Amino acid sequence: MNHLKVFSRAVKEVDPEAMVILAGAVDAFYPSADAQHPDLQAEQDFFDYLLRESASDFDVFDLHLYGDLDAITANINAVRQKMAALGYQKPIFRGEYNGPSFFQPFHLFPCSSIFCVITCCFSG
């Protein structure tokens, strides 16, 4: 992933203490049984590749949790296990959580939006 490597180097040259966050994995590691995601395998393959080939190019892994509430712990643990199998561990940040999406009414989501936005989860 040449873009990530170039980006990471540029960030670290300007601020060696800056954290590079690898963002965007949406329930790709432990999807719920009823997941309607036509590109799930491609997304899993993409993030497996990034975790394997770009470990030195990011400091934190961002996991977007939009699926089943009961799968949150399993998704986090799946990412931790993948990192461990590759010989490293990095913090996991939960940058996005649930909805609503463009087509779902907000009142269906009991979690306060500000709480969902600012809450994060770090692996230890």
Side-chain angles (χ1 to χ4, degrees):
M1 302 275 45
N2 193 40
H3 295 310
L4 180 58
K5 186 176 294 304
V6 170
F7 175 80
S8 180
R9 282 188 194 149
V11 168
K12 298 296 184 171
E13 283 177 15
V14 172
D15 183 355
E17 301 300 314
M19 302 288 277
V20 174
I21 300 175
L22 180 60
V26 180
D27 293 323
F29 297 96
Y30 192 89
S32 61
D34 62 345
Q36 299 292 321
H37 192 323
D39 299 320
L40 181 60
Q41 187 61 52
E43 187 174 342
Q44 289 172 335
D45 293 345
F46 175 72
F47 281 102
D48 282 347
Y49 177 83
L50 284 175
L51 289 171
R52 185 178 64 250
E53 301 297 327
S54 301
S56 63
D57 300 322
F58 70 95
D59 302 300
V60 177
F61 187 87
D62 181 22
L63 185 59
H64 297 184
L65 299 166
Y66 282 93
D68 183 0
L69 289 174
D70 295 328
I72 289 173
T73 301
N75 265 290
I76 293 168
N77 289 339
V79 175
R80 286 182 179 149
Q81 290 169 359
K82 286 184 179 289
M83 288 181 189
L86 295 167
Y88 68 92
Q89 283 295 318
K90 296 192 182 216
I92 299 171
F93 176 79
R94 198 240 23 227
E96 293 182 18
Y97 169 72
N98 242 349
S101 72
F102 292 115
F103 305 106
Q104 297 169 313
F106 186 79
H107 72 276
L108 295 178
F109 295 85
C111 183
S112 138
S113 61
I114 191 70
F115 178 76
C116 290
V117 169
I118 63 171
T119 304
C120 65
C121 158
F122 288 91
S123 65

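Fair warning: this is a prediction, and the values are worked out from it, not measured in the lab.
- If you take CG on Asn75 and CD1 on Ile72, they are separated by 8.5 Å, rounding to the nearest 0.5 Å.
- Of all heavy-atom pairs between Asp62 and Arg94, the closest is OD1-C, 3.9 Å.
- When every heavy atom of Leu50 is checked against every heavy atom of Leu4, the shortest pair comes out as CD2-CD2, 4.3 Å.
- Here OG of Ser8 is found 11.0 Å from CE of Met19. Values are rounded to the nearest 0.5 Å.
- Between atom CD of residue Glu43 and atom CG of residue Asp48 there is a gap of 10.5 Å, rounded to the nearest 0.5 Å.
- When all heavy atoms of Lys5 and Asp57 are compared, the closest pair comes out as NZ-OD2, 3.2 Å.
- Note: Lys12 NZ to Phe7 CZ = 10.0 Å, rounded to the nearest 0.5 Å.
- Note that CZ of Arg9 and OG of Ser56 are 8.5 Å apart. Values are rounded to the nearest 0.5 Å.
- In terms of heavy-atom proximity, Gln89 sits nearest to Arg80 at NE2-O, 2.7 Å.
- The distance from atom CD1 of Ile21 to atom CZ of Phe58, rounded to the nearest 0.5 Å, is 11.5 Å.
- Nearest heavy atoms, Asp59 versus Lys90: O-CB, 3.6 Å.
- Both Leu22 and Tyr88 belong to a common hydrophobic cluster when Ile, Leu, Val, Met, Phe, Trp and Tyr are linked at side-chain heavy-atom distances under 4.5 angstrom.
- In this structure, Lys82 contributes its side chain and Leu51 its backbone to no donor-acceptor pair below 3.5 Å.
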